Amino acid sequence: MSTTELSELRRTIGQLRQCVGALRARYGEAPAVRRLVNDVERLDIDAIDLDQMVPVPTQARPVDVVPVPDTPYDPALWEGADDEGVGGYQRDQR
């Protein structure tokens with residue numbers, strides 16, 4: 001993560017911590033509030049870990065391009081195929 005991303009993450013975690021603190025003041029030590037407090041602490045720990053890690057260099061992925069011809073398909077390709085939504089399979093189409 002870049003410094004900007006980490007700064008934004010830390011700021012957002014701080015805002016989340018304030019919101020959870022307000023919920024704790026309103027709902028007390030309800031199990032859902034305790035889980036939220038735990039989640040915010042876990043996010044904070046993970047953000048610290050990320051800040052201390054060495055970033056992995058990005059690698060360009062090769063893009064597989066599949067050419068699709070503009071020429072019409074051979075009608076024999078569709079022979080016997082079911083046209084979904086157009087009345088179903090009909091054996092004797094003439």
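Atoms considered below: every heavy atom in the structure, side chains included; atoms not considered: hydrogens, waters and symmetry mates. Remember, it's a predicted structure, so these values are computed and weren't measured experimentally.
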Taking all heavy atoms of Arg42 and all of Asp46, pick out the closest pair and write down the distance.
NH2-OD1, 2.6 Å

Transitively linked via ILVMFWY side-chain contacts under 4.5 Å: Met53 with Leu6?
yes

What is the distance from atom CG of Leu9 to atom CG of Leu50, rounded to the nearest 0.5 Å?
7.5 Å

Is the shortest side-chain N to carboxylate O distance from Asp44 to Arg10 below 4.0 Å?
yes

Output side-chain donor-acceptor pairs under 3.5 Å for residues 20-30, partner residues at least two apart or in another chain, one line each.
| unit_1 | atom_1 | unit_2 | atom_2 | d |
| --- | --- | --- | --- | --- |
| Arg24 | NE | Glu29 | OE2 | 3.1 |

Smallest separation among heavy atoms of Ala47 and Ile13, with atom names
CB-CD1, 3.9 Å

To the nearest 0.5 Å, how far apart are CG in Asn38 and CG in Leu43?
10.0 Å

Joining Ile, Leu, Val, Met, Phe, Trp and Tyr whenever any side-chain heavy atoms lie under 4.5 Å apart, the cluster holding Val63 also takes in Val65

